[in-house]
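Inspection log for the structure reproduced underneath, given as structure tokens.
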Amino acid sequence: MPTDTVALSLWDGLDGQIGPSSSVADVESIDLLRTHPMTGPIYVEGAEPGDLLVIDVVSIEPSTFGVTCVIPNKPGSHMGGLFGPRFASPYLVKWRLEEGLARSPDIPGVAIPADPFLGLVGVAPSHERLAVMLRRERELADRGFPVRLPNPEGAIPGTAKDGLRTRPPRETGGNLDVKELTEGARLILPVDVPGALLSVGDPHMAQGDGESCGVAIETSATATLRVGLRKEHEVRWRSRNPVIQFSRAARVPPSRLEYYSTLGFPISPEGKNEYLDLNLAATSAIDEMLGYLTAERGYSDYQAYVLVSVAVDLRISQLLNAPNAIVSAHLPLGIFADA
């Protein structure tokens with residue numbers, strides 16, 4: 001598989017609106033139309049619809065400054081997090097990253113281990129897939145849910161006025177906020193258009209699963225990625241959603257465990273989108289894992305179902321990127337004899 005390496009300069013997810021000299025008043029006035037500035041799109045030579053784009057995260061070098069804030073809910077934003085109505089006033093924590101730890105005088109006595117990862121990685125959807133995504137999100141908005149639909153005012157460039165908002169993750173990637181997308185991880189995305197058109201942004205210093213207040217430790221960063229292709233004729237099984245492979249430190253030998261992780265969205269097999277439905281997202285993640293175990297590993301449906309029950313961990317990776325929360329299913333590859 002031919003690969004190319006690219007180094008990217010990434011803005012923080014709030015587009016630099018909060019800096020070392022900012023105050024809580026700046027949180028109140030954040031322009032939500034400026035969130036998620038992305039670096040890209042990057043044209044990948046040779047990428048064609050039907051291929052899979054394979055993105056290896058070589059390194060992430062965050063800046064020495066990070067920010068977490070509680071942003072009061074604004075109409076249609078859902079930015080205040082899981083308990084937005086309870087925390088109706090803005091709040092600001094400014095972090096310094098030193099010696100691998102994030103510390104802040106705003107929360108004294110705490111040191112958060114730095115575990116930088118990429119919050120937003122995605123490729124361009126085809127016109128056909130774009131129409132499907134817009135239709136199901138408009139249906140949610142028509143049902144009264146706070147879904148952010150296309151807005152010409154915040155479109156960059158202006159020709160993207162009818163394009164998708166970056167807040168929700170989707171089948172082509174986007175605002176995943178899965179903290180396992182860190183150094184050494186691999187992300188696999190479908191190619192919908194010639195060149196794939198890869199965009200990256202929203203780096204984080206650290207995040208708890210769920211990102212409960214709506215914001216992680218946001219930072220700018222330099223990310224080095226290795227990008228390759230799996231051509232359509234080489235693919236035996238294709239997930240409907242992004243797939244992540246990563247490693248994690250283990251308490252027993254070997255010193256690191258390798259994982260294969262499928263992601264689930266609250267979208268039914270029939271294509272109906274529900275709003276932050278964790279049960280549906282979990283079902284989706286398990287369904288994708290069953291597909292991997294049967295198609296890639298050769299197990300029967302029943303064998304795969306048992307393996308999911310005894311070996312796969314379900315995690316709420318994020319539950320606030322409305323309307324699409326993510327449940328991830330982590331499979332330890334060390335259980336297999338060929339590991």
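Minimum heavy-atom separation, Pro266 to Ala325: CD-O, 3.2 Å. When all heavy atoms of Ala206 and Ile112 are compared, the closest pair comes out as CB-CG2, 3.9 Å. When all heavy atoms of Pro190 and Val123 are compared, the pair lying nearest together is O-CG2, 3.2 Å. Among all heavy-atom pairs drawn from Pro116 and Ile60, the shortest one is O-CD1, 3.6 Å. Nearest approach of Pro72 to Ala88, heavy atoms of both residues: CB-O, 3.5 Å. Residues His204 and Gly119 share a closest heavy-atom pair of CE1-CA, 4.5 Å.
In terms of the side-chain hydrogen bond (donor to acceptor under 3.5 Å, both in side chains) criterion, Glu153 has no residue partners (sequence neighbours excluded). Remark: Glu288 pairs with Arg240 by the salt bridge (charged side-chain N to carboxylate O under 4.0 Å, His left out) rule, at least two apart or across chains. Residues satisfying the ring-ring contact (aromatic ring centres under 6.0 Å, His included) criterion with Phe65, sequence neighbours excluded, are absent altogether. The side-chain hydrogen bond (donor to acceptor under 3.5 Å, both in side chains) test applied to Glu211 returns no partner, not counting sequence neighbours. With sequence neighbours excluded, the residues that form a side-chain hydrogen bond (donor to acceptor under 3.5 Å, both in side chains) with Glu296 are Arg236. Listed by chain and residue number, nothing satisfies the side-chain hydrogen bond (donor to acceptor under 3.5 Å, both in side chains) test with Thr222 (two or more places apart in sequence, or in another chain). His330 pairs by the ring-ring contact (aromatic ring centres under 6.0 Å, His included) definition with Phe246, not counting sequence neighbours. When the side-chain contact (heavy atoms from CB on, under 4.5 Å) test is applied to Asp106, the partners found at least two apart in sequence or on another chain are Val93, Lys94, Ser104. Residues passing the salt bridge (charged side-chain N to carboxylate O under 4.0 Å, His left out) test with Asp177: none are found, sequence neighbours excluded.
Taking the ring axis of Phe336 as reference, the NZ or CZ atom of Arg297 stays within 45° of it and closer than 6.0 Å to the ring centre.
Within the 4.5 Å cutoff, the side chain of Leu33 has heavy atoms near those of the Arg165 side chain. Counting only heavy atoms from C-beta outward, the side chains of Leu52 and Leu189 never approach each other to under 4.5 Å. Side-chain contact check for Gln245 versus Leu187: every heavy-atom pair is 4.5 Å or farther apart. Using a 4.5 Å cut-off on side-chain heavy atoms (C-beta onward), Leu53 and Ile188 make no contact. Counting heavy atoms from C-beta on, the side chains of Asp202 and Leu118 never come closer than 4.5 Å. Between Val27 and Val70, every side-chain heavy-atom pair lies at or beyond the 4.5 Å cut-off. Looking at heavy atoms from C-beta onward, Val178 lies in side-chain contact with Ile244 at the 4.5 angstrom threshold. Glu232 places none of its side-chain heavy atoms less than 4.5 Å from the side chain of Val235.
Identified under the ring-ring contact (aromatic ring centres under 6.0 Å, His included) test for residues 122-156, with sequence neighbours left out: Phe145-Tyr275. Residue pairs meeting the side chain to side chain donor-acceptor pair (under 3.5 Å) criterion with at least one partner in residues 6-24, sequence neighbours excluded, are Asp15-Arg34. Every pair tested for ring-ring contact (aromatic ring centres under 6.0 Å, His included) that includes a residue from residues 165-193 fails, sequence neighbours excluded, so the list is empty.
Atom-to-atom distance recorded for Ser261:OG and Leu333:CG is 10.5 Å, nearest 0.5 angstrom. Considering OG1 of Thr68 and CD1 of Ile18, their distance stands at 11.0 Å, rounded to 0.5 Å. Atom CG of Leu97 and atom OG1 of Thr64 lie 7.5 Å apart (nearest 0.5 Å). Put simply, CG on Leu140 and CZ on Arg138 are 12.5 Å apart, with the number rounded to the nearest 0.5 Å. Interatomic distance, CG of Leu176 versus CZ of Phe265, reported as 6.0 Å (0.5 Å rounding). One finds the OG atom of Ser220 at 8.0 Å from the CE atom of Met205 (value rounded to the nearest 0.5 Å).
With Glu48 contributing its side chain and Asp51 its backbone, the two residues share no donor-acceptor pair below 3.5 Å. Remark: the backbone N or O of Lys272 is paired with a side-chain donor or acceptor of Ser268 at under 3.5 angstrom. Remark: the backbone N or O of Leu280 is paired with a side-chain donor or acceptor of Asp277 at under 3.5 angstrom. Remark: the backbone N or O of Gln303 is paired with a side-chain donor or acceptor of Ser300 at under 3.5 angstrom.
Hydrophobic clustering (ILVMFWY, side-chain heavy atoms < 4.5 Å, transitive): Phe117 and Met38 are in distinct clusters. Note: the hydrophobic cluster containing Val44 also contains Val6 (ILVMFWY, side chain heavy atoms under 4.5 Å, direct or indirect links).
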Given Leu14 and Val67, is the side chain to side chain contact (heavy atoms under 4.5 Å, CB included) satisfied, shown in steps? CA-CA 9 Å; Leu14 298 174; Val67 60; 4.2 Å; yes

Start with the C-alpha gap between Lys179 and Asp209, add the side-chain angles, then the distance that decides, and say whether side chain to side chain contact (heavy atoms under 4.5 Å, CB included) holds. CA-CA 7 Å; Lys179 70 179 185 180; Asp209 282 325; 3.5 Å; yes

Report the C-alpha separation of Asn241 and Ser284 in whole Å, then their side-chain angles, then the decisive distance to 0.1 Å, and conclude whether the side-chain hydrogen bond (donor to acceptor under 3.5 Å, both in side chains) test is met. CA-CA 9 Å; Asn241 301 332; Ser284 173; 3.2 Å; yes

Take Leu331 and Tyr259 through the test side chain to side chain contact (heavy atoms under 4.5 Å, CB included) and record every step on the way to the result. CA-CA 5 Å; Leu331 170 70; Tyr259 288 83; 5.9 Å; no

Given Arg135 and Glu139, is the salt bridge (charged side-chain N to carboxylate O under 4.0 Å, His left out) satisfied, shown in steps? CA-CA 6 Å; Arg135 185 199 71 235; Glu139 288 175 351; 3.8 Å; yes

Could you walk me through whether Leu149 and Asn151 pass side chain to side chain contact (heavy atoms under 4.5 Å, CB included), step by step? CA-CA 6 Å; Leu149 297 174; Asn151 186 337; over 6 Å; no

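Around the NZ atom of Lys231, the shell of radius 6.0 Å holds more than 12 heavy atoms that belong to other residues, nucleotides or ligands. The 12-atom threshold is not exceeded at CD of Glu45, counting heavy atoms of other residues, nucleotides or ligands nearer than 6.0 Å.
Ion pairing of Glu258 with Arg186 is absent here, as no side-chain N (NZ or NE/NH1/NH2) approaches a carboxylate O to less than 4.0 Å. Classification of Glu171 and Arg136 as a salt-bridged pair holds, one side-chain N sitting under 4.0 Å from a carboxylate O.
Relative orientation of the Tyr292 and Tyr260 rings is parallel, given thresholds of 30° and 60° on the angle between their planes.
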